[in-house]
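In the text below, chain A, chain B and the rest are named by the order of the sequence lines, each starting its count at 1.
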Number of protein chains: 2
Amino acid sequence: MPTTTAVRELPHPAHEEIRLDAVLHALADPMRLRIVTALNGYGEGEGQGATCSQIELPVATSTSTHHFRVLREAGVINQCYRGTAKINCLRRADLDARFPDLLDAVLRAAASPV
Amino acid sequence: MPTTTAVRELPHPAHEEIRLDAVLHALADPMRLRIVTALNGYGEGEGQGATCSQIELPVATSTSTHHFRVLREAGVINQCYRGTAKINCLRRADLDARFPDLLDAVLRAAASPV
DNA sequence: ACCCTAGTACGATAACCACCGTAGTACGAA
DNA sequence: TTCGTACTACGGTGGTTATCGTACTAGGGT
């Protein structure tokens with residue numbers, strides 16, 4: 001029996017359930033903005049994305065878990081387990097479909113100096 | 001002596017002091033989003049803009065005051081007194097200069113159905 | 001079987017926030 | 001000067017949140 005990689009699914013809002021309030025609130029936090037900015041550097045496809053621990057934050061890991069969950073529940077990121085790791089990626093397509101240009105504008109704003 | 005209209009100034013963040021966190025936080029509230037959406041329908045020039053009471057919100061007036069102040073302190077709107085009225089307008093130019101496309105993306109998202 | 005790594009769940013704490021009502025100020029009009 | 005309108009300041013309340021530490025689970029490697 002080969003070493004299979006267990007995958008557990010997690011609840012996500014459907015793309016039409018994503019609410020602007022929730023997205024803005026999720027993005028209105030420095031830590032979560034760092035997560036989103038970092039995830040933007042990783043892909044969204046199969047086998048892409050970043051694990052939680054790859055994105056280092058100056059907070060306790062339990063706090064980090066909390067921020068990832070807020071982003072997921074707002075519909076900003078997608079999360080699924082692969083083995084012990086949790087893979088995170090931006091839901092760019094869903095966000096772009098729902099709120100065109102919003103994610104890009106925020107990413108650009110977050111990247112701007114000062 | 002003619003009937004002059006007294007003008008009192010209020011403190012605003014300079015355009016380079018506008019912080020993304022604060023702007024997103026200010027916009028991440030349904031009432032404030034309504035204010036911003038409504039102000040978008042008014043002009044920004046001299047003698048334009050809307051008074052606080054022109055923008056009706058289903059909250060107490062003291063709560064309304066609070067929301068307008070949050071928007072002003074975040075740099076989203078400009079406020080100044082003219083007589084007993086307080087004129088509000090979007091700081092579109094400042095926001096666009098600092099965070100290009102962000103305001104438009106949010107306004108479009110807020111206007112999108114459901 | 002054992003352990004290590006990755007992340008979670010829970011409870012606590014302190015800060016913050018939306019909201020209200022009441023009392024008060026600023027200004028212009030009568 | 002008296003009044004009405006527009007808005008504010010303050011104090012309080014209940015709900016939410018960011019943070020932590022500790023104890024725990026899941027999965028994979030040895």
Side-chain angles (χ1 to χ4, degrees), chain A residues 1-11 19 21-36 38-39 49-74 76-89, chain B residues 1-12 19 21-36 39 49-74 76-89:
Chain A
M1 186 163 173
T3 301
T4 53
T5 307
V7 173
R8 271 174 293 159
E9 293 297 329
L10 284 160
R19 286 181 44 246
D21 287 358
V23 171
L24 291 176
H25 172 254
L27 296 175
D29 178 279
M31 292 303 155
R32 292 195 288 265
L33 218 37
R34 282 169 70 150
I35 293 174
V36 171
L39 283 181
T51 64
C52 293
S53 53
Q54 269 178 302
I55 297 171
E56 288 180 32
L57 298 177
V59 291
T61 60
S62 53
T63 304
S64 181
T65 296
H66 160 71
H67 287 306
F68 277 100
R69 184 175 49 227
V70 170
L71 287 169
R72 185 188 76 236
E73 290 177 350
V76 178
I77 67 172
N78 190 289
Q79 297 190 294
C80 75
Y81 290 99
R82 257 192 70 187
T84 58
K86 199 175 199 174
I87 309 292
N88 303 276
C89 22
Chain B
M1 186 163 170
T3 301
T4 53
T5 307
V7 173
R8 272 174 292 159
E9 293 298 330
L10 284 160
H12 290 78
R19 287 180 44 245
D21 288 357
V23 171
L24 291 175
H25 172 254
L27 296 174
D29 178 278
M31 292 305 154
R32 292 195 288 263
L33 219 37
R34 282 170 69 150
I35 293 174
V36 171
L39 283 181
T51 64
C52 293
S53 52
Q54 267 178 304
I55 298 171
E56 287 181 31
L57 298 177
V59 291
T61 60
S62 52
T63 304
S64 181
T65 297
H66 159 71
H67 286 308
F68 278 100
R69 185 174 49 227
V70 171
L71 287 169
R72 186 188 75 235
E73 291 177 349
V76 177
I77 67 173
N78 191 288
Q79 297 190 295
C80 73
Y81 288 100
R82 258 192 70 189
T84 59
K86 199 174 197 174
I87 310 292
N88 303 276
C89 24

Check every strand shown and say whether B/Y81 touches a base, only sugar-phosphate, or nothing at a heavy-atom separation below 4.0 Å.
sugar-phosphate
Reading DNA chain C from 5' onward, which residue's closest nucleotide shows up sooner: B/D29 or B/V7?
B/D29
Among the nucleotides D/dC20, D/dG27, D/dA18, which one has an atom lying closest to any side-chain atom of A/A60?
D/dC20
Report which part of the nucleic acid A/T51 touches: base, sugar-phosphate, or nothing (heavy-atom distance under 4.0 Å, all strands).
sugar-phosphate
Between atom CD in B/E56 and atom P in D/dC7, what is the gap in whole Å?
12 Å
Taking OP1 and OP2 of C/dG28, is either one under 4.0 Å from a side-chain nitrogen or oxygen of B/T84?
no
Is the phosphate of D/dT25, meaning OP1 or OP2, less than 4.0 Å from a side-chain N or O of A/R8?
no
Heavy atoms of B/V76 and B/A26 approach each other most closely as CG2-CB, 4.3 Å
Within less than 4.0 Å of OP1 or OP2 of C/dA9, is there a side-chain N or O belonging to A/R69?
yes
What integer distance in Å separates B/I87:CD1 from C/dC27:P?
14 Å
Applying a 4.0 Å non-hydrogen cut-off, can you work out what B/R82 is touching in the nucleic acid: base, sugar-phosphate, or nothing?
nothing
Heavy-atom pair of closest approach, residues B/A74 and B/V23:
O-CG2, 3.7 Å
Considering all heavy atoms, the nearest B/Q79-B/N88 contact:
NE2-OD1, 2.6 Å
Rounding to a whole Å, what distance do you find between B/Q54:CD and D/dT5:P?
16 Å
Chi angles and distances behind the side chain to side chain contact (heavy atoms under 4.5 Å, CB included) call for A/R34, A/E56
CA-CA 9 Å; A/R34 282 169 70 150; A/E56 288 180 32; over 6 Å; no
Assign each of A/V59 and B/L10 the nucleotide of DNA chain D bearing its closest heavy atom; nearer the 5' end lies the nucleotide of B/L10
If the cut-off is 4.0 Å, is B/T61 near the phosphate of D/dA6, judged by side-chain N/O to OP1 or OP2?
no
Starting from P on C/dA26, measure out to CD on B/E9 and report it in whole angstrom.
16 Å
How many whole angstroms separate atom CZ of B/F68 from atom C1' of C/dC19?
16 Å
Ignoring hydrogens, what is the shortest heavy-atom contact between B/E9 and B/C80? Give both atom names and the distance.
OE1-CB, 4.5 Å
So, does A/S53 get its side chain near the phosphate of C/dT5, meaning an N or O under 4.0 Å from OP1 or OP2?
no
Identify whether any heavy atom of A/H66 sits under 4.0 Å from a base atom; if not, whether one sits that close to sugar-phosphate; answer base, sugar-phosphate or nothing.
base
Answer yes or no: does a side-chain N or O of A/T63 lie under 4.0 Å from OP1 or OP2 of D/dC20?
yes
Checking A/D21 against B/D29 for the side chain to side chain contact (heavy atoms under 4.5 Å, CB included) test, could you report, in this order, the C-alpha distance in whole Å, the side-chain angles of both residues, the deciding distance, and whether it holds?
CA-CA 6 Å; A/D21 287 358; B/D29 178 278; over 6 Å; no
Check the distance between D/dT17's P and A/M31's CE and give it to me in whole angstrom.
17 Å
If I take atom CD in residue B/Q79 and atom C1' in nucleotide D/dC7, what distance separates them, rounded to the nearest angstrom?
10 Å
Give the rounded distance in Å between these two atoms: CD1 of A/I35 and C1' of C/dG7.
13 Å
So which nucleotide from C/dG7, D/dC20, C/dG28 ends up closest to the side chain of A/S62?
D/dC20
Does A/H67 place a side-chain N or O at less than 4.0 Å from the phosphate oxygens OP1/OP2 of D/dT19?
yes
